[in-house]
Amino acid sequence: MNIDFHSLPADQLVVFDFETTGLSPDMGDRSIEIGAVLIENGKITGRFQQLMNPGVRIPLFIENLTGITNAMIKESRSNTEVMSDFYDFIAGRNLVAHNASFDERFLRAEFRRIKKQCSSGIACSLLAARRIFQNAPNHQLATLAQYKNLPSDGVYHRALADAEVTAHLWLSLLAELREQHEFDELTFGFMHTLTKTPKHQLRQFYAKHKVKSPVI
DNA sequence: TGCCAGGCCCTCTTTAGGGCCTT
C-alpha cells in the first residue's frame, strides 16, 4: 500500500508506543497497552493511553518489565474496542515511533484483526537518532533521553511515558537539524526519507537537500 | 514453562554473520 503522507497535515504528528506480550505478532504476541501523544506545531497538545485485554496471558517476564499485570488487564477493555478508538485518534495523521518497525508490525496486526488499514506514514526516531546523534553512547530510548537531557519522569516500559519521551526526542532531532545543520524545511517527508536513506548514501542525501552533513 | 522476530548496519562483506533496538 502506497502512503501519500505528503497529503496529510504537515503541522500534526502522533508519536506512539505499544507494550506487548512479546516481540512478534506473527508468533502470537499481542498488544496490552497503547500510548500516544499528539504534536501540533511543535507542541504536545493531546494524549491517548489505554490498557487492553487481548485474552492471552502476559508472561512473567513482561509483567516484571512493564509492571502491567494479568490482574490489571483483566478488567480492561478489549483490544478491539481500544484499537478502534486509537484508529480514530491517528486518522489522517502521520506517525513516529522509536524502532518503528517493531510498533508498526503490532499496529498493522491489531488493525488487521478489526479490519482496518493504517493510511499514515510512519517514521522512526531510532533510525533518525542513529543518523543525527551519532555520538550518543547507544540509541536506546532511555539513553537518548539522558544524553539530550529530555523531559522525563523516569518511567520506562509504559506506553504513554515512552511515547512522551519519544516525542521530546523527535522535537530534539528537529531542533538539532535546524540549529546545527541550518535546515528549516523539516517536513515529515524529509524526516521519513532521511531515516529510509541507507547510511552510506547520507552524504549525497544531505548535499541534495543543502543540509550541512552531520556525518562524521 | 520456555521459547519465539525482523530491519538496519557494520565488517574480518556481498556465496555471511553478528550486534543493536523494540517487548
Sugar-phosphate only, base, or nothing, as touched by [X] at under 4.0 Å among non-hydrogen atoms:
X      : result
A/L60  : nothing
A/L127 : sugar-phosphate
A/F106 : nothing
A/H98  : sugar-phosphate

Using the [atom1] atom on both, measure [N] against [M] and round to a whole Å.
N      : M      : atom1 : answer
B/dT23 : B/dA5  : C1'   : 11 Å
B/dT22 : B/dT15 : C1'   : 31 Å
B/dG6  : B/dT13 : P     : 27 Å

What ring pair (Phe, Tyr, Trp, His ring centres under 6.0 Å) pairs are there with at least one residue in residues 93-122 of chain A, not counting sequence neighbours? A/Y87-A/F111, A/F102-A/F106
Qualifying ring pair (Phe, Tyr, Trp, His ring centres under 6.0 Å) pairs, either residue in residues 30-59 of chain A, two or more places apart: A/F48-A/F86, A/F48-A/F89
For A/E81 and A/S78, which I'm curious about, is there any donor-acceptor pair between the side chains at under 3.5 Å?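 Side-chain D/A pair, A/E81 to A/S78: present.
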Mapping A/T195 and A/F18 onto DNA chain B by nearest heavy atom, which one lands closer to the 5' end?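 Whichever sits nearer the 5' end wins; that is A/T195.
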Between A/D17 and A/T197, which residue's closest nucleotide on DNA chain B lies nearer the 5′ terminus? A/T197
Protein-nucleotide distance ([X], atom [atom1]; [N], atom [atom2]), rounded to Å:
X      : N      : atom1 : atom2 : answer
A/N138 : B/dC10 : CG    : P     : 16 Å
A/I62  : B/dT22 : CD1   : C1'   : 10 Å
A/L169 : B/dT22 : CG    : P     : 11 Å

Considering only Ile, Leu, Val, Met, Phe, Trp and Tyr, and joining two whenever side-chain heavy atoms are under 4.5 Å apart, list the other residues clustered with A/I73. A/I32, A/L51, A/I58, A/F61, A/I62, A/L65, A/I68, A/M72
Which parts of residues 145-166 of chain A get close to DNA chain B, meaning a heavy atom less than 4.0 angstrom away?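 The answer is A/H157, A/D162.
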Between protein and nucleotides 11-14 of chain B, what N or O pairs are separated by less than 3.5 Å?
none

N/O donor to acceptor pairs below 3.5 angstrom from side-chain atoms of residues 144-152 of chain A, sequence neighbours left out:
from: A/S152; atom 1: OG; to: A/G154; atom 2: N; distance (Å): 3.0
from: A/S152; atom 1: OG; to: A/Y156; atom 2: OH; distance (Å): 3.4

Partner set under ring-ring contact (aromatic ring centres under 6.0 Å, His included) for A/H192, not counting sequence neighbours: A/F5, A/F188
Pairs where [range] contributes a residue and the test salt bridge (charged side-chain N to carboxylate O under 4.0 Å, His left out) is met, not counting sequence neighbours:
range                     : value
residues 49-58 of chain A : none
residues 7-23 of chain A  : none
residues 22-36 of chain A : A/R30-A/E110, A/E33-A/R158

Under 3.5 Å, which protein N or O atoms sit close to an N or O of nucleotides 1-7 of chain B? Give each pair with its distance.
none

Kindly say whether A/H157 contributes a backbone atom to a donor-acceptor pair with the side chain of A/D162 at under 3.5 angstrom? yes
Salt bridge (charged side-chain N to carboxylate O under 4.0 Å, His left out) against A/R47, all qualifying residues, sequence neighbours excluded: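 Once residues adjacent in sequence are excluded, the partners of A/R47 under the salt bridge (charged side-chain N to carboxylate O under 4.0 Å, His left out) criterion are A/E164.
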